[in-house]
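Heavy-atom basis, side chains included; hydrogens, waters and symmetry copies ignored. First the proteins, then the strands, lettered A, B, ... as listed; each starts at 1.
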Amino acid sequence: MPELPEVETIKKDLEKYILGKKITKVKINRPEVIKEPEPLKFKKELCNEKIKETIRRGKLLVLKLKENKFLIIHLRINGWLKYGREEEKARVIFQLSDGNCLNYIDSRLLGHLRLRKSYQDLDFVKRLGPEIFDLTPIQFKKMLREKKANVKSLIMDQHFLAGLGNIYAQEALFLAGIDPRRPANSLKDKEAGLLYKEIKNVLTEAIKYRGSSVDAYRDSRGQKGGMEKRLKVYKKNKKPCLRCQAGLEKIKLAGRGTCFCPKCQK
DNA sequence: CGGGGCTCCTGTGCGC
DNA sequence: TGCGCACAGGAGCCCC
């Protein structure tokens with residue numbers, strides 16, 4: 001579910017709601033979402049810790065508790081966090097010193113929670129690519145020239161670029177008018193520059209509209225995002241292209257559904 | 001290196 | 001209405 005804009009929305013909201021508050025108790029309804037340390041230790045080590053900072057890196061959300069204590073949350077496809085009263089369906093519940101709870105909700109149980117001394121030394125984090133906002137167009141163009149994988153799978157590969165997922169990769173390629181199947185190194189300089197710009201544009205717009213609630217995703221108050229209404233190709237197979245009216249097509253790339261306009265994405 | 005297929009899970013929506 | 005299947009915002013793994 002959550003890609004960079006959704007995680008960024010959660011991060012900024014949590015900054016508002018839970019910063020400076022203390023975790024008073026942890027309830028674990030489904031221990032399998034806790035990847036480290038074991039659930040009992042996880043609980044014990046979190047009690048009485050204050051939330052000092054909220055951090056986003058790619059699609060990863062990190063709550064800093066101490067210089068050497070970080071709660072690392074990967075929401076994967078279906079996870080989200082709800083601040084407020086205790087939720088029955090929550091997999092893990094963090095009770096806070098203000099009387100409210102931070103509920104970790106994840107129907108598919110694919111998300112991961114970790115408590116570690118550092119998050120930068122996590123393998124997944126070490127291997128993450130840069131964020132588009134930290135790249136210059138020149139750098140991005142060079143990265144594309146070095147890869148021959150299809151451009152869509154590449155830009156949603158977290159080792160290559162951190163933050164894009166299956167929604168915004170498709171959207172950015174549509175906006176840039178580029179066929180998702182093109183080998184990355186076949187893009188002309190101008191096309192690569194346009195793609196760079198449109199990735200930034202679509203992520204910025206999605207952050208502004210508080211993310212896309214295509215399915216389960218809600219913000220930390222349980223509200224839907226506003227970006228799903230603005231998506232142009234994602235899950236719009238057979239609908240008319242907003243630019244040229246041709247029928248949008250759906251294909252699979254690296255096992256992931258991919259919608260695009262066969263006429264205006266070249 | 002690249003891509004396909006499978007896996008971890010549950011939920012939904014579709015066709016018959 | 002009920003059933004079975006495909007598919008779903010992520011990402012790791014194995015295999016070719």
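Comparing C/dA8, C/dG10, B/dG11 by their nearest atom to the side chain of A/Tyr234 picks out C/dA8. Distances from the side chain of A/Arg76 to the nucleotides C/dG10, B/dG2, B/dT10 place C/dG10 closest. Ranking B/dG2, C/dC7, B/dC8 by closeness to the A/Lys250 side chain, first place goes to C/dC7. Checking C/dA8, B/dG2, C/dG10 against every side-chain atom of A/Lys148, the shortest atom distance belongs to B/dG2. With C/dG10, B/dC9, B/dG2 as the candidates, the nucleotide lying closest to the side chain of A/Leu109 is B/dC9.
For the side chain to side chain contact (heavy atoms under 4.5 Å, CB included) test with A/Arg91, the passing option among A/Ile105, A/Leu109, A/Asn103 is A/Leu109; the others fail. Of the residues A/Lys152, A/Gln170, A/Arg256, the one that meets the side chain to side chain contact (heavy atoms under 4.5 Å, CB included) test with A/Pro180 is A/Lys152. Applying side chain to side chain donor-acceptor pair (under 3.5 Å) to A/Thr54 and the options A/Lys11, A/Glu15, A/Lys12 leaves one that passes, A/Glu15.
Note that the CG atom of A/Leu63 and the CG atom of A/Leu81 stand 7.5 Å from one another [nearest 0.5 Å].
In terms of phosphate contacts, A/Lys59 brings a side-chain nitrogen or oxygen within less than 4.0 Å of OP1 or OP2 of C/dG10. Contact check, A/His74 against C/dA11: a side-chain N or O comes under 4.0 Å of OP1 or OP2. Contact check, A/Lys252 against B/dG3: no side-chain N or O comes under 4.0 Å of OP1 or OP2.
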Working for side chain to side chain contact (heavy atoms under 4.5 Å, CB included), residues A/Leu203 and A/Glu8:
CA-CA 10 Å; A/Leu203 291 179; A/Glu8 181 65 18; over 6 Å; no

Evaluate the criterion salt bridge (Lys or Arg N to Asp or Glu O under 4.0 Å) for residue pair A/Glu36 and A/Lys41; output intermediate values, then yes/no.
CA-CA 9 Å; A/Glu36 65 176 310; A/Lys41 199 169 175 206; over 6 Å; no

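Of all the residues in residues 149-161 of chain A, A/Ala149, A/Asn150 reach under 4.0 Å from DNA chain B with at least one non-hydrogen atom. Applying a 4.0 Å cut-off to non-hydrogen atoms, the residues of residues 113-133 of chain A that approach DNA chain C are A/Phe124, listed by residue number.
Of the N and O atoms on the side chains of A/Arg230 and A/Tyr209, at least one donor lies less than 3.5 Å from an acceptor on the other residue.
Protein atom CD of A/Glu32 is 8 Å distant from nucleotide atom P of B/dT10, rounded to whole Å. Protein atom CD of A/Glu228 is 18 Å distant from nucleotide atom P of C/dA8, rounded to whole Å. What separates CG of A/Leu110 from P of C/dG12 is a distance of 13 Å, to the nearest Å. Rounded to whole angstrom, the span from the NE2 atom of A/His112 across to the P atom of B/dC8 amounts to 13 Å.
Comparing the same atom, P, in C/dT1 and in B/dT10 gives a spacing of 26 Å after rounding to whole Å. Comparing the C1' positions of B/dG5 and C/dA6 gives an interatomic distance of 16 Å, to the nearest angstrom. Distance noted for atom P between C/dC5 and B/dT7: 15 Å (whole Å).
In this structure, B/dC9 makes no Watson-Crick or G-U wobble pair, since no nucleotide meets both defining distances under 3.5 angstrom.
Relative orientation of the A/Tyr83 and A/Tyr17 rings is parallel, given thresholds of 30° and 60° on the angle between their planes.
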